[in-house]
Amino acid sequence: VQLQASGGGLVQAGGSLRLSCAASGRTLNTYVTGWFRQAPGKERVFVAAISWGSGSTWYTDSVTGLFTISRDNAKNTAYLEMNSLKPEDTAVYYCATDLLPNVRAGKARYWGQGTLVTVSS
């Protein structure tokens, strides 16, 4: 599985961005795709995940109600819609695909290259 993340950029506080994660190669309905972020000087942390099969979603508490993860099975693409962005959301955002336990543990086998989101105050 190969993943291509895109959609990052510079946005003012309060603005919105939509990230995309396009998957190619073998994909299975048993997999989930997750988004992670790594702020400067900090560890990479889980943000959200979605099941390709059921569409079930998981979010970290800090983004619940602000970010929305979705997927388009026909396009093998997962999205992360980010609203009401804050400067503390500034980070490199990565997507990853694997079975749910591996993704939630940050130990997915397949990772995208990351896309930088910068939120200015």
With sequence neighbours left out, write down each residue that passes side-chain contact (heavy atoms from CB on, under 4.5 Å) with T77, or none if nothing qualifies. S20, A22, K75, Y79

Does any pair with a residue in residues 35-65 pass disulfide bond (SG atoms under 2.5 Å apart), and if so which ones, sequence neighbours excluded? none

Hydrophobic cluster membership, with links at side-chain heavy-atom distances under 4.5 Å among I/L/V/M/F/W/Y: are F46 and V32 in one? yes

Residue pairs meeting ring-ring contact (aromatic ring centres under 6.0 Å, His included), one or both in residues 1-24, sequence neighbours left out, come to none

Shortest non-hydrogen contact between S84 and D89, atoms and distance: O-OD2, 4.4 Å

Under the salt bridge (Lys or Arg N to Asp or Glu O under 4.0 Å) test, which residues partner R109, sequence neighbours left out? D98

Contacts of type side-chain contact (heavy atoms from CB on, under 4.5 Å), residue E88, not counting sequence neighbours: K86

So, using side-chain hydrogen bond (donor to acceptor under 3.5 Å, both in side chains) as the criterion, who are the partners of D72 when residues are at least two apart? none

Nearest 0.5 angstrom please: E43 CD to Q38 CD, how far? 8.5 Å

Closest non-hydrogen atoms of S16 and E81, given as atom of the first, atom of the second and distance, are CB-OE2, 4.3 Å

Supply the members, apart from V119, of the Ile/Leu/Val/Met/Phe/Trp/Tyr cluster built from side-chain contacts under 4.5 Å; use none for a lone residue. V11, L17, L19, W35, V47, I50, Y59, V63, L66, F67, I69, L80, M82, L85, Y93, V117

Honestly curious: do V92 and V103 fall in one hydrophobic cluster under the side-chain, below-4.5 Å linking rule? yes

Who are the side-chain hydrogen bond (donor to acceptor under 3.5 Å, both in side chains) partners of Q2, not counting sequence neighbours? S24

Contacts of L99 that satisfy side-chain contact (heavy atoms from CB on, under 4.5 Å) - sequence neighbours left out: T30, Y31, P101, N102

Can you tell me which residue pairs pass the ring-ring contact (aromatic ring centres under 6.0 Å, His included) test with a partner in residues 96-121, sequence neighbours excluded? F36-W111

Please identify each residue that fulfils side-chain contact (heavy atoms from CB on, under 4.5 Å) with S121, with sequence neighbours left out. P87

Using distance alone, with no hydrogens and no angle criterion, decide if T33 and T97 have a side-chain donor and acceptor under 3.5 Å apart. yes

If you look at every heavy atom in L116 and A91, which pair is closest and at what distance? CD1-O, 3.6 Å

Contacts of S51 that satisfy side-chain hydrogen bond (donor to acceptor under 3.5 Å, both in side chains) - sequence neighbours left out: S54

Give a yes or no answer on whether the side chain of Q113 reaches the backbone of Q4 with a donor-acceptor pair at less than 3.5 Å. no

For the residue pair T60 and T64, what are the closest heavy atoms and their distance? O-OG1, 3.2 Å

